[in-house]
Enquirer: 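Structure in C-alpha cells, see below.
To find a chain, count down the sequence lines: A is the first, B the second, and so on, and within it residues start at 1.
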Amino acid sequence: MEEKIKKPYDASSTEPQILKKWDESGFFNPDVCIEKGVTSKDAPVFSMVLPPPNVTGTLHTGHALMLITQDIMTRYARMQGKRTLWLPGTDHAAIATQIKVEKELSKKGIKKSDLSREEFLKKIEDYALESHDTIVNQSKKMGASLDWSREAFTLDAQRNKAVNTVFKKMYDDGLIYRGHRIINWDPKGQTVISDDEIVYEERKAKLYTFKYSADFPIPISTTRPETKFGDTAVAVHPEDERYQEYVGKEYDTVFCGEPIHIKIIADREVEKDFGTGALGVTPAHSMIDWELAQRHDLPTKIVINEYAKMTVGGEKILGKKTEEAREAVVEWLRSQNLLLKEEEITQNVSTAERTGAIIEPLPKLQWFVDVNKKIPDRQNKNLKELMLEPIAQKKINIIPDRFEKVYFNWVQNLRDWCISRQIIYGHRIPVWYKKNTEEILVCPESTPNEEWEQDLDTLDTWFSSGLWTFSTLGWPDNTEDMRTYHPTTMLETAHDIIFFWVARMILFSQYVLEEIPFQNVYFHGIVRTKDGKKMSKSLGDQAIDPLDIIGKYGNDALRLAMIIGNTPGNDLKLNEDDIRGYAKFANKIWNASRFVLENTNDIDSSDLQKLKENLDTEDSASMQELEQLIQSITKEMDEYRFSLVAEKTYHYFWHTFADILIERSKKKIQENKNSDSAKALLYLQLHSLLKVLHPFTPFITEEVWSIINTKNGKHAEEDLLLVQKWPI
RNA sequence: GCGCGGUUAGCUCAGUUGGUAGAGCAACUCUUUUACACAGAGAAGGUCGUAGGUUCAAGUCCUACACCGCGCACCA
C-alpha cells in the first residue's frame with residue numbers, strides 16, 4: 001500500500017504529476033499509440049479538430065466547457081481502441097487581435113498612426129505569441145488530451161499555403177471576384193466587414209417627414225436627413241394612387257443649399273403605409289437603396305466618407321460628423337418650414353461586432369465570394385447548394401438537430417461574402433497589380449518584380465479558419481494524415497459560430513475536396529453566471545476563471561460541474577457551490593478506493609475472470625447490475641448524452657458501490673463469511689468504475705489506477721488508465 | 001413579421017418510442033460505527049406556465065395563449 005492513499009486527496013499536488021505521466025507517455029499522439037501497441041493501425045478512426053481559440057488573451061469558461069466536452073469524447077474514443085486524433089491550434093483572429101492591440105497601445109499613449117505598417121504588425125505578432133503561449137499552457141493544465149505535436153496556427157506558413165491555394169482555385173473558377181459594391185463600413189475600425197459581423201442594436205430614433213424644397217411635390221420620411229444630399233430618386237409603390245401622376249418625372253431642385261436631381265420611380269419594394277409612402281433613394285448610403293438604384297439604373301452620389309463625415313454641404317455641414325450634420329439639416333428644414341412631422345420610433349441600428357461603431361454603408365471596391373455562381377466542376381451547383389446538400393442528405397449529423405433549421409435559413413438567405421479587410425493582421429490577399437495598368441496576377445508562383453504591387457488588404461479571418469479541418473492535416477500537400485483523418489468524425493463547438501465557422505467549413509470542404517468536413521456536429525451552449533449573464537471579463541468578480549477553479553477544487557470537480565445537467569445546445573449556468581459539491585465526489589472516489597485497496601491486499605488480482613467466477617450469488621448479481629449499467633451508459637456515450645452518463649455513474653458509485661456494496665462487504669469480511677467473494681467484488685467493481693469514470697474525472701481515476709498498478713508491480717506506460725480498454 | 005428554445009422540488013437542471021414524477025445543491029432531524037463528518041441514516045418538498053384536445057393512460061403528442069431568452073427579416 002502506497003502511503004499516499006492514506007492521506008486525503010489533494011488535487012493541486014496530484015494533477016501536475018498526472019499531467020507529466022500523460023505527457024511523457026506520448027499517448028495523446030495516435031502515432032505513438034500505434035508504435036507502442038496500444039492501438040492497432042487498422043482500428044476505426046476518431047478525429048476532431050479543436051476550434052482554435054483566438055490569440056486575444058486567456059482561456060475563459062467557454063473554452064473550458066469546450067475543452068472538457070471534447071476531452072471526454074476523445075478519451076472515450078481512445079479507450080474504445082480507436083485511432084484517436086484531437087488536433088489543437090490557435091486562431092490569429094485578425095480584426096479581434098488587431099483591435100485588442102490597438103487598445104493596449106492607446107493605453108500607453110501610442111497611436112496606430114505613430115507606427116509603420118511593419119512596426120505595428122510586429123506589435124500584434126508579439127501580442128499574439130504571448131497569448132498563444134498562455135492559452136496553450138492553460139489548455140495543458142486542464143488535461144486536454146490534445147496531440148500537441150500536430151499543433152497549427154491559422155496564420156502560419158502551411159496554413160497560408162492552403163489559403164492561397166484555395167483563393168487561386170476559387171478565382172480561377174470565377175467564385176472570387178473583385179467588385180464595386182455597397183458594403184458595411186466600420187468607421188472606427190476603418191475596414192469593411194461582412195454581413196455576419198454586424199450586431200443589431202435596438203435604439204430610439206426620430207423619423208422626420210419633410211420635403212426637399214418648397215417646389216418639390218412629394219414629402220418623404222427618413223431617420224437620416226443628412227444622407228438626403230445623396231438622393232437621386234424618390235420611390236413610390238406602383239399602385240399608390242397618391243403619386244401615380246409623378247412617376248417617371250424628373251426634378252432639379254436645391255436641398256439645404258445643395259443642388260439635387262431627383263427622378264420619381266415606382267417599385268414594389270416600397271411600403272405604401274410607411275411614412276408618406278414615398279422613399280428618398282440614397283444609393284450610396286443604404287443597402288436597400290443601392291439595390292433599388294441597380295434595378296432602376298440610377299446614378300450614385302457619395303456624400304459621406306470613411307470617417308462618417310460629410311463631403312458636401314455648407315459650412316455647418318461639410319466635414320462634420322453625420323450626427324452633427326443631421327441636426328444642422330433638421331434645423332434648416334425647420335427654418336424653411338419644410339419639416340412636416342417628427343416622430344419617435346425604435347429601429348435596429350447596425351453596429352460592428354468588434355468595435356461597436358455604427359456601420360456606414362458605402363460603395364467600395366472589394367473582394368467577394370460569389371455564392372450563386374454555378375460551378376461546372378461540381379455538377380453546376382453553386383456554393384449555397386454545396387452547403388445545403390450534406391445537411392439535407394443527412395451526411396452531416398447535427399446535434400441537437402434543431403440547428404439544422406437555423407442553418408438552412410441562413411444559407412438560403414446568404415448573399416455574396418465580402419472577404420477583404422482593410423486591416424494589416426491576417427493573410428494578405430494574394431493578388432498583385434501591375435502599376436499604371438489593369439493587369440493583375442493571382443497567386444503567382446514567385447513574388448513578382450517591382451513593377452507589381454500586392455493588394456494591401458487581408459482576408460476575413462474566417463477564410464482561413466474555414467479550411468481548418470483539412471489545412472491542419474497538411475493539405476494541400478498529399479499527406480498520410482489527410483488520407484487517415486479526413487473527413488473528421490466530430491466537430492464540437494459553440495452554437496453561436498454556426499454561421500461564421502461551421503457553415504464556412506462545409507462550404508470549403510465541399511467545394512475544395514468534394515467531401516464533408518465532419519460527420520457530426522455537436523453544439524454546446526454558452527456558459528452563464530448564476531443570474532444568467534454571459535460569463536465575461538467585464539463581470540469582474542462574478543466571472544469564474546477556470547484556472548482559479550482548478551487550483552481550488554481540481555479539474556475533476558470542474559469537469560463534472562460543467563457536464564452534469566448540461567445538454568447540447570443549451571446554455572449552462574455555472575456556480576461555485578456546484579463545483580464544490582463535485583469536489584466532494586472526488587474525495588469519495590479517493591476514500592472508497594482506499595477502503596478497497598486496504599481490504600484486497602491478499603487476493604490475487606492477476607486473473608480477473610477467475611475472480612469473477614468465484615463470486616457468490618449475491619455478489620455475482622451485483623456484478624451483473626454494474627455490467628448492465630455499463631451497457632446502458634456505453635449506448636448513451638455513443639449518443640453523446642454525457643450529462644446522463646456522468647450522473648448515472650456518479651450515482652452508482654456513491655449510492656450503490658460505496659453505500660451498499662462496501663457496507664455489505666464490511667460485514668462479510670468481519671464475519672469472515674464469503675469474504676473472498678466480497679473482496680473480489682470490490683476489486684472488480686472499482687476496476688471497471690475507474691475506467692468508465694475516466695473520461696469524466698481523468699485525474700483522480702488515473703491516480704488511483706496508478707496506485708493499484710504500483711501494488712501489482714506494473715509500471716509500464718501501456719498500463720496507464722488513459723489507454724485501457726473501455727469495459728464491455 | 002417569421003422561426004427556435006425555455007417555463008418540472010427553495011436553487012440549477014435531467015426526464016428518447018405516452019404507462020404510478022428524478023438528481024445535485026441548499027434547508028431539516030438524528031448519528032462521531034474502524035474508507036470517508038468533503039460522511040452515514042431518515043424525513044420533507046412538485047395539481048410538471050395557462051386553457052383546451054387526442055388517448056384506457058399526457059411532463060411526454062396536438063392546438064391556442066402567456067411570460068422569459070435567442071436567431072432571422074424589416075428598419076424610409
Side-chain angles (χ1 to χ4, degrees), chain A residues 5-6 8-9 195-196 200 202-203 205 207-210 219-225 227-228 231 234-236 269-271 273-282 286-289 292 345-350 400-410 412-414 495-496 498-499 525-526 528-532 534 553 557 560-561 564-567 569-599 635-636 639 641 643-644 646-648 650-651 654-655 657-659 662-663 665-666 669-670 682 686:
Chain A
I5 195 139
K6 294 184 178 164
Y9 178 64
D195 296 344
D196 301 290
Y200 294 102
E202 204 166 80
R203 288 189 193 174
L207 181 68
Y208 302 96
T209 301
F210 59 91
I220 56 163
S221 299
T222 182
T223 52
R224 299 196 62 189
T227 64
K228 300 289 105 181
D231 283 15
V234 163
V236 298
E269 288 291 299
V270 180
E271 289 276 344
D273 301 329
F274 192 96
T276 61
L279 163 65
V281 183
T282 324
S286 156
M287 300 286 171
I288 299 290
D289 294 5
L292 272 170
I345 59 162
T346 49
Q347 63 165 10
N348 282 329
V349 176
S350 310
D401 57 11
R402 62 186 148 93
F403 283 102
E404 284 182 11
K405 247 184 169 171
V406 181
Y407 178 86
F408 275 120
N409 189 279
W410 181 80
Q412 277 154 1
N413 293 318
L414 192 60
H495 63 71
D496 57 355
I498 181 168
F499 308 137
I526 293 162
R528 297 181 183 280
T529 64
K530 226 171 18 180
D531 318 315
K534 192 170 173 178
Y553 304 106
L560 289 172
I564 294 180
N566 181 16
T567 43
N570 292 332
D571 293 353
L572 167 74
K573 285 182 187 166
L574 186 69
N575 74 81
E576 207 169 324
D577 287 344
D578 286 348
I579 302 165
R580 194 180 299 119
Y582 290 114
K584 291 182 185 176
F585 179 59
N587 192 52
K588 191 74 185 177
I589 297 177
W590 190 250
N591 288 320
S593 301
R594 179 195 302 154
F595 180 84
V596 173
L597 286 168
E598 281 175 348
N599 285 281
K635 184 169 168 276
E636 284 149 3
E639 292 164 355
R641 306 181 55 173
S643 170
L644 193 65
E647 193 184 321
K648 275 188 177 178
Y650 172 104
H651 204 250
W654 202 311
H655 299 298
F657 178 62
D659 290 353
I662 288 185
E663 292 308 316
S665 76
K666 282 182 191 169
I669 293 167
Q670 249 169 22
L682 293 180
L686 181 64

Enquirer: Give a yes/no answer on whether the side chain of A:W410 brings an N or O atom under 4.0 Å of OP1 or OP2 in B:rA73.
Expert: no

Enquirer: Run the numbers on A:T282 and A:D231 for side-chain hydrogen bond (donor to acceptor under 3.5 Å, both in side chains), then give the verdict.
Expert: CA-CA 4 Å; A:T282 324; A:D231 283 15; 2.6 Å; yes

Enquirer: Would one find a side-chain N or O of A:N566 under 4.0 angstrom from OP1 or OP2 of B:rA14?
Expert: no

Enquirer: Taking the nucleotide of RNA chain B with the closest heavy atom to each, which residue, A:D196 or A:E271, is nearer the 5' end?
Expert: A:D196

Enquirer: Ring-plane angle category for A:Y650 and A:Y582, please: parallel below 30°, perpendicular beyond 60°, tilted otherwise.
Expert: perpendicular

Enquirer: Rounded off to whole Å, could you give me the CD1-to-P distance for the A:I345 and B:rC75 pair?
Expert: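 Rounded to the whole Å, the gap is 11 Å.
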
Enquirer: Would you measure the distance from the C1' atom in B:rG45 across to the matching atom in B:rG52 and give it in whole Å?
Expert: 30 Å

Enquirer: Measure the distance from NZ on A:K405 to C1' on B:rC70 and round it to the nearest whole Å.
Expert: 15 Å

Enquirer: Salt-bridge test for A:E639 and A:K635: reply yes if a basic N is under 4.0 Å from a carboxylate O, no otherwise.
Expert: yes

Enquirer: What integer distance in Å separates A:D195:CG from B:rC74:C1'?
Expert: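 It works out to 15 Å between those atoms.
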
Enquirer: Report yes or no: is the cationic atom of A:K584 (NZ for Lys, CZ for Arg) closer than 6.0 Å to the six-membered ring centre of A:Y553, at no more than 45° off its axis?
Expert: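 No, A:K584 does not lie over the aromatic ring of A:Y553.
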
Enquirer: Would you kindly give the CG-to-P distance between A:N591 and B:rG40, to the nearest whole Å?
Expert: 10 Å

Enquirer: Heavy-atom nearest nucleotide on RNA chain B for A:S350 versus A:A592: which residue maps closer to 5'?
Expert: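 The answer here is A:A592.
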
Enquirer: For RNA chain B, just give me the dot-bracket, please: Watson-Crick or G-U, both distances below 3.5 Å, ( ) intra-strand, [ ] crossing earlier pairs, | paired with another strand, . unpaired.
Expert: (((((((..((((.....[..))))..((((.......))))......(((((..]....))))))))))))....

Enquirer: Taking 4.0 Å as the cut-off, does a side-chain nitrogen or oxygen of A:T346 come that near to OP1 or OP2 on B:rC75?
Expert: no

Enquirer: At less than 4.0 Å, is any side-chain N or O atom of A:H655 found next to OP1 or OP2 of B:rG24? Yes or no.
Expert: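 Answer yes for this pair, as a side-chain N or O of A:H655 is under 4.0 Å from OP1 or OP2.
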
Enquirer: With a non-hydrogen cut-off below 4.0 angstrom, is A:K588 in contact with a base, only sugar-phosphate, or nothing?
Expert: base

